[in-house]
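Scroll down for the structure; my scribbles are underneath it.
All values below come from the heavy atoms of this structure, side chains included, with hydrogens, waters and symmetry mates left out.
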Amino acid sequence: MKAQTKQTLKKTLAALYIATIGGMAAATLIEKEHGTLYAARHVYGSWWFTALWALLAAAAIAWFIGRRVRRASTVALHLSLAVILAGALITRVSSVQGIVHLRLGETTDKYMTLDGDSVKEWPLPFSLSLKSFETKYYEGTTAPSDYVTRFVITDGNATSEACVSMNNIHSHNGVRFYQNDYDRDMRGSILSINADPWGIATTYTGYALLLFSLLWMLADPKGGFRRTLSSPLLRRGALAVAVMAAPALSRAAAPTLPEKTAAILGEMHILYNNRVCPLQTFAIDFTKKIYGSASYKGLTAEQVLTGWLFWSEEWAGEPFIRLKKGDLRSTLQLPEYVSMQTFFNSDMGGYILGPYVEEYYHGNRDAFHRQAADIDDKLMLIMQLRRGVLLKVFPHTDSNGTTQWYAPADRLPAGLDSGQTAFITKVFALIEDEAAAGNTAKVERIADKIRQYQSSRAGSSLPSETQTKAERIYNRVPFATTLFVVNLTAGLLALAATLRRLSRRQTTDSPTRPRRNVPKAVAVAVMALSFAALTACLALRWVISGNIPMSNGYETMLLVAWLVMLLSLISCRRFAIVLPFGLLMSGLFLLVSHINQMDPAITNIMPVLNSPLLSVHVSLVMLAFALLSLTFICGLTALAVDKASGRGTPAAGSHGGEEACRQLMLLSRMMLYPALAALAAGIFIGAVWANISWGRYWSWDAKETWALITLMVYAIGAHSDSLPSLRRPARYHLFMVLAFLTILMTYFGVNYFLGSGMHTYA
């Protein structure tokens, strides 16, 4: 290939690559402004978007052939991408997708598609009739665990029965059926259908070749990853130690039960957040939501809860309600902590927030009125507790084996006898009388009777003894809060030590005798203890919920912090420099888990998430994010060292800084290759999961799109042979720092800025 032609093709390929990434990013913003259907019609489903991908593939193939690449692992990797794109094109032009609406007592032989703003009907080569639809629930709750449709297929003279549910499809003559939705009267079910034998077969072939070539790429002795590992520069590094502090507590004046007695009440079970759990869990969430902490002036959450239950008038005067900074707090000149009585003033017309809350629900959503509504929610929570509405601690199992939980203020089932009804409606009043009289022993005996009542009437809805013990341990230890303080402190100290070491002039005039590295040993010990504690935290959540802890944003942040520490511990013996990176990044991820939008509550898993592929998909993506976060810290450190060493000024010791930047670049590349492999595998295993769950392996969901953008951006960093500028440490590190913005957008931007798509629960 002539040099001029080669250069033109390279520029064309770069322009198409950037245009494709930019087009996908713009499409997610268009979807936010105009809706999913608009983006699907005018971007993802448009002819120009398909043409853009086709031109990109053609230019890439031409460039690949022109460079005469002969390494088999590289050829296989890029061939798999071409096969995947071919499968996507086949799906685009030949697949049949739609929905079938089934009703009890009716037969249909048609499916529907959305064409613009109208719905079109198309014939099926067989007929369908609904046999039954059932929503299954987690025992004792109203949280759905699965949706099950049973139907009959009549194909000519042959009749067969079929069943579909979430993550469980049925195939008939090349047509696959998926559970999509249902009618709220429970007499109808909506199924998705998909007929795409050639597209799916081609795409899955591409996925299989991709996974094989990714492993081959990592193992290839002549590949970039193995060549990076062999560099002697990676043997040098730095380390750090850590410190932490614990807060002090003060005493409270409000009356409540003794800690031991309140803890016994906390052992009772309650239906809370659509899950049966210890009352202690509800008490902690109640205290955190209103006060902002799991304790109040030295009182446990159980003492706070029982204080509000049995001494509500006294507690109404406690400065227990935390107000965040905002327009309402500044306008009304309120302190950070106020009492419930603050908002009830007869001279001001009673409930002073009432007019503002009414204006909020009539459409006034400015910052002042949003804060008024937030405070109103907290006050309503307290009042519901005082009325007993929230105390669903009394189970009842009917003759069909169905268990429901009731609060004293609920309308009780007709099947209860007068004794049970009296017990449910009056037992908390009895506890209040005994508590006021100081008869704590009687309070404890009544609590035991409630627990016995629960055991005898809860059926199989009660969690096991092991789950209950695990939850009580989990509630007592603030794992994430403690660990983010430990790891961030250690990481900052380690980073300072690293910068100091790497910015020095490296001299070789006189050899130094090897000596024991005490700071490194301390840093490893801190990392190991933190890793063990976080492992215990995740294991407890797994035991409590019965599901692998990776089903929401909070749990995935814990998982990525765990993976960062695991990778750091594995590699620190050879590459000590990863210790400060691991401590700092794991601390940052644990800190992020505390942001307001992330809910640490343990809940029953959504039906669509109840798939073994979820574990593999999330684990691989989180592993990739953990590795790429370390390349980000490598980049920041290298840029700081580059500036501190005064490159270009010989007196400042530029040679040592340059060598340190090269060392960090090699370390970054060592993590980049497996990160790309894990991210690619995670994305496409997620596509297989989506195909099983929804009938489409790729739907241009916002998080899918940004994950693909992240993969494509970071893949640029692995092409230093084609991009000579990325061989320079400073430019490479700057690129890796900027590339990290795509991870932030993928994980946080989609959830909290775009707020659309099927992945926003994650």
Side-chain angles (χ1 to χ4, degrees), residues 15-57 85 88-89 91-93 95-99 101 111-122 178 180-181 190 192-194 196 199 360-367 369-370 373 553 597 606 608 683 686-687 689-691 693-713 741-762:
L16 289 170
Y17 200 82
I18 294 171
T20 303
I21 292 174
M24 290 189 292
T28 61
L29 300 177
I30 292 172
E31 181 178 359
K32 174 179 170 61
E33 293 298 323
H34 300 285
T36 301
L37 291 177
Y38 184 91
R41 189 181 309 158
H42 292 89
V43 182
Y44 302 124
S46 65
W47 67 267
W48 64 263
F49 190 71
T50 302
L52 183 61
W53 275 102
L55 289 172
L56 176 62
L85 286 177
L89 180 61
T91 295
R92 171 75 185 273
V93 300
S95 68
V96 174
Q97 297 179 352
I99 61 171
H101 188 191
Y111 71 96
M112 295 174 288
T113 60
L114 184 63
D115 184 12
D117 296 323
S118 62
V119 176
K120 288 189 175 182
E121 288 190 341
W122 305 87
Y178 307 79
N180 181 291
D181 204 345
I190 300 173
S192 296
I193 66 165
N194 186 321
D196 182 26
Y360 172 83
Y361 287 110
H362 279 82
N364 195 336
R365 302 296 173 90
D366 59 21
H369 289 84
R370 286 200 306 269
Q597 290 90 340
M606 297 168 60
V608 72
I683 288 173
W689 174 36
N691 194 33
S693 297
W694 299 299
R696 293 169 296 172
Y697 51 83
W698 197 265
S699 60
W700 294 110
D701 177 79
K703 184 156 286 190
E704 291 175 358
T705 303
W706 273 100
L708 180 58
I709 291 172
T710 300
L711 179 64
M712 293 178 67
V713 168
L741 296 174
T742 63
I743 290 182
L744 296 179
M745 187 63 188
T746 301
Y747 197 89
F748 301 105
V750 171
N751 286 4
Y752 308 124
F753 173 65
L754 297 180
S756 63
M758 294 177 289
H759 288 79
T760 51
Y761 56 78

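Residues meeting the side-chain hydrogen bond (donor to acceptor under 3.5 Å, both in side chains) test with W122, sequence neighbours left out: T113. Residues satisfying the salt bridge (Lys or Arg N to Asp or Glu O under 4.0 Å) criterion with D366, sequence neighbours excluded, are absent altogether. For W700, the ring pair (Phe, Tyr, Trp, His ring centres under 6.0 Å) partners at least two apart in sequence or on another chain are Y44, F49, W698. The side-chain contact (heavy atoms from CB on, under 4.5 Å) check on H42 picks up Y38, with sequence neighbours excluded. For S192, the side-chain contact (heavy atoms from CB on, under 4.5 Å) partners two or more places apart in sequence, or in a different chain, are I99, Y178, N180. Not counting sequence neighbours, Y17 has no partner by the ring pair (Phe, Tyr, Trp, His ring centres under 6.0 Å) test.
Closest non-hydrogen pair, R92 versus S46, comes out as NH2-O, 3.8 Å. Nearest heavy atom pair, residue A25 against residue I709, reads N-CD1, 3.6 Å. Among all heavy-atom pairs drawn from L85 and A57, the shortest one is CD1-CB, 4.0 Å. Of all non-hydrogen atoms in A39 and A27, the two that sit nearest each other are CB-O, 4.1 Å. Smallest separation of non-hydrogen atoms from L16 and L52: CD2-CD1, 4.0 Å. When all heavy atoms of W706 and V750 are compared, the closest pair comes out as CD1-CG2, 3.9 Å.
No more than 12 heavy atoms of other residues, nucleotides or ligands sit less than 6.0 Å from atom CH2 of W47.
The shortest side-chain heavy-atom distance between L741 and L744 falls under the 4.5 Å cut-off.
Atom OG1 of T742 and atom CE of M712 lie 11.5 Å apart (nearest 0.5 Å). Interatomic distance, K703 NZ to T710 OG1, rounded to the nearest 0.5 Å: 10.5 Å. Considering CD of E33 and CG of L29, their distance stands at 8.0 Å, rounded to 0.5 Å. Taking CD1 of I21 as the reference point, atom OG1 of T705 lies at 12.5 Å (rounded to 0.5 Å).
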message = Run I743 and T746 through side chain to side chain contact (heavy atoms under 4.5 Å, CB included) and show every step you take.
response = CA-CA 5 Å; I743 290 182; T746 301; 5.5 Å; no
